[in-house]
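Just below is one structure, and these are the notes that go with it.
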2 protein chains.
Amino acid sequence: MAVRTRSPERREDALSRERIVAAAVELLDDAGESGLTFRALAARLRTGPGAIYWHVANKSELLIAATDAVLIPATVPGVAGETPRDAIRAVALGVFDAIDVHPWAGTQLSRTPAQPALLRIFERVGRQVQALGVPAAGQFTAASAVLHYILGVAQQNAALARSQEPGTDRTAVLEAAAAVWSGLDAEEYPFTRGVADQLRDHDDREQFLAGIDLILTGMSGPR
Amino acid sequence: MAVRTRSPERREDALSRERIVAAAVELLDDAGESGLTFRALAARLRTGPGAIYWHVANKSELLIAATDAVLIPATVPGVAGETPRDAIRAVALGVFDAIDVHPWAGTQLSRTPAQPALLRIFERVGRQVQALGVPAAGQFTAASAVLHYILGVAQQNAALARSQEPGTDRTAVLEAAAAVWSGLDAEEYPFTRGVADQLRDHDDREQFLAGIDLILTGMSGPR
DNA sequence: ACCTGAACACCGTTCAAGT
DNA sequence: ACCTGAACACCGTTCAAGT
């Protein structure tokens, strides 16, 4: 006797919140932030723009969900036995790498104060600051400093990526920025011109970590 | 004999780049980022939307100019005899205060890599890092860390302000954020919940400076 | 319950026509 | 040289109508 399945077999191409968010991530990666429109998204999902609104309230919610999705790997629980310092570095690098692959997420991450990914990052950093032995009164300041630094870099990398074609690799992006710096007025911008070459050659991932270390060192107080 | 003036008396209400940028700043302050449209701007200037394009290339250029305008006070040359540390704190505070008054500028500041205000801030910070005696190899990293931290805070304050009505004062904005944090799940967000009260009461300007100090302390190396 | 797609109320930007 | 405002090619979002 044939048994009726409780939940009927879903059509392969049935719409769902997950499929919509996944398609949005693809579209953002391929075409950049301006590429995500409900019409383009609907075309990719072989439906009309109105259908998307059955599963997602509006574009803002869609962007929050897409950002959250690509930042999940950055906020997975850390390895057991990790030092607080390594844990903070791991979260920071996770965010950095996610934004390297999905530059648009760097902009979105700090656009909405209630972005869940942002809260997860802050919580993780905060706990590690606690574990580091920072006095209670200084924990909020220390965790905020790390968070804001991460957000600043994320934002900056997103802006840099936006100034080039989507998919341009990081060395080409840095090269373009270095060219601008090198062309600045020598009288007015001696420092910036002076470091233009470093911008061209440097490992920005390495420098990002060095900045984290600067803050972590600062937390242990003046020598 | 009547003398012809070389440049004819300008009509009081003649359009100019300066008047357009000033009106854009007003509109952004009054109505937020979504309030700046060419139609609304044209109405305020008692002209048609097309007229604006004679003086400004497009909306992006207008936003860059508006952001630049409100950040001029933050990048004026410092007081003579100032220590490098005080000079860095002064620039940072200047940016912080400008964004307090014009939250939209916090978003714009890091949206375009070639935003002139951003370059001026970086140059100023960089020179002071140099004056602080940071070894050449570490100057770029140190200046970048300070810049990114400032941008992160600017962005975050802009996002917070955007979540409320334009013109809402800072304590009300912080109160709203604290309410969200207090409502978080106790199991998942112990740290964030724990600092919610500090968010409500704290002087965020003070905390911003404390973060700057953390980085400055870190620059002088581990104790 | 879920999807369709035309329609609405906007945008930024262009451009022929005016002064 | 500068301004006007209608028109173009888009948007996000809604909603009556379908299945």
Side-chain angles (χ1 to χ4, degrees), chain A residues 4-25 27-28 30-67 104 107-108 111-112 162-163 166, chain B residues 4-25 27-28 30-67 104 107-108 111-112 162-163 166:
Chain A
R4 286 274 299 272
T5 35
R6 277 264 297 311
S7 57
E9 193 71 15
R10 278 185 155 283
R11 269 171 55 229
E12 187 62 27
D13 60 343
L15 225 45
S16 67
R17 194 184 154 90
E18 297 85 66
R19 277 193 66 223
I20 292 170
V21 172
V25 169
L27 199 48
L28 286 161
D30 291 352
E33 298 169 51
S34 63
L36 179 67
T37 69
F38 277 79
R39 283 169 180 80
L41 188 58
R44 197 174 268 244
L45 292 164
R46 302 181 182 293
T47 180
I52 297 168
Y53 283 88
W54 184 262
H55 302 275
V56 170
N58 50 41
K59 189 168 183 178
S60 170
E61 192 189 293
L62 181 56
L63 280 166
I64 289 171
T67 302
W104 50 269
T107 310
Q108 286 307 315
R111 261 199 94 77
T112 319
R162 198 169 28 232
S163 70
Chain B
R4 286 273 299 273
T5 35
R6 277 263 297 309
S7 57
E9 193 70 16
R10 276 183 155 285
R11 268 172 52 229
E12 187 61 28
D13 60 342
L15 225 46
S16 68
R17 194 183 153 91
E18 297 85 67
R19 278 194 65 225
I20 291 170
V21 172
V25 168
L27 199 47
L28 286 161
D30 292 351
E33 299 170 50
S34 64
L36 180 66
T37 69
F38 276 79
R39 284 171 180 79
L41 188 58
R44 198 175 269 246
L45 292 165
R46 301 181 183 292
T47 181
I52 297 168
Y53 282 89
W54 185 263
H55 304 274
V56 170
N58 51 41
K59 189 170 183 177
S60 171
E61 192 188 293
L62 181 56
L63 279 165
I64 288 170
T67 303
W104 50 270
T107 310
Q108 286 308 314
R111 261 200 93 76
T112 319
R162 197 168 29 232
S163 71

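Chain identifiers are assigned alphabetically (A, B, ...) following the order of the sequence lines, protein sequences preceding nucleic acid strands; residue numbering begins at 1 within each chain. Just so we're clear, the structure is a prediction, and the values are computed from it rather than from any experiment.
- Under the Watson-Crick or G-U wobble criterion, with both distances below 3.5 Å, D/dT13 is paired with C/dA7.
- Atom CZ of A/Arg17 and atom P of C/dC2 are 14 Å apart (whole Å).
- The interatomic distance linking B/Leu15 (CG) with C/dT19 (P) rounds to 19 Å, in whole Å.
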(request) Might you work through the side-chain contact (heavy atoms from CB on, under 4.5 Å) test for A/Gln108 and A/Leu28, ending with a clear yes or no? (result) CA-CA 12 Å; A/Gln108 286 307 315; A/Leu28 286 161; over 6 Å; no
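- Protein atom NZ of B/Lys59 is 14 Å distant from nucleotide atom P of C/dT14, rounded to whole Å.
- Taking side-chain N and O atoms only, B/Trp54 has no distance below 4.0 Å to OP1 or OP2 of D/dC3.
- As rounded to whole Å, 17 Å separates atom P of D/dA16 from atom OH of A/Tyr53.
- Atom-to-atom, CG of A/Leu62 to C1' of D/dT13 comes out at 14 Å; the value is rounded to the nearest Å.
- Position along DNA chain D of the nearest nucleotide to B/Pro49 versus A/Phe38 favours B/Pro49 as the more 5'-ward residue.
- For the pair A/Ile52 CD1 and C/dC3 P, the computed distance is 11 Å after rounding to whole Å.
- Between A/Thr67 and A/Thr112, the closest side-chain pair of non-hydrogen atoms is not below 4.5 Å.
- With a 4.5 Å cut-off on side-chain heavy atoms, B/Leu36 and B/Lys59 count as touching.
- In this structure, A/Gly48 and B/Arg39 both approach DNA chain C, and ranking their closest nucleotides by distance from the 5' end singles out A/Gly48.
- Pair assignment for D/dA1: C/dT19, on the basis of Watson-Crick or G-U wobble contacts that are both within less than 3.5 Å.
- If you check every strand for non-hydrogen atoms under 4.0 Å, B/Leu36 touches sugar and phosphate atoms only.
- Residues B/Arg162 and B/Thr107 have side chains that bring a donor and an acceptor to within less than 3.5 angstrom of each other.
- Protein atom CD1 of A/Ile20 is 13 Å distant from nucleotide atom P of D/dT13, rounded to whole Å.
- The side chain of B/His55 has D/dC3 as its nearest neighbour among C/dC8, D/dC8, D/dC3.
- Considering only heavy atoms from C-beta on, A/Asn58 stays 4.5 Å or farther from A/Phe38 through its side chain.
- Note: CG (B/Leu41) to P (C/dC11) measures 12 Å, nearest angstrom.
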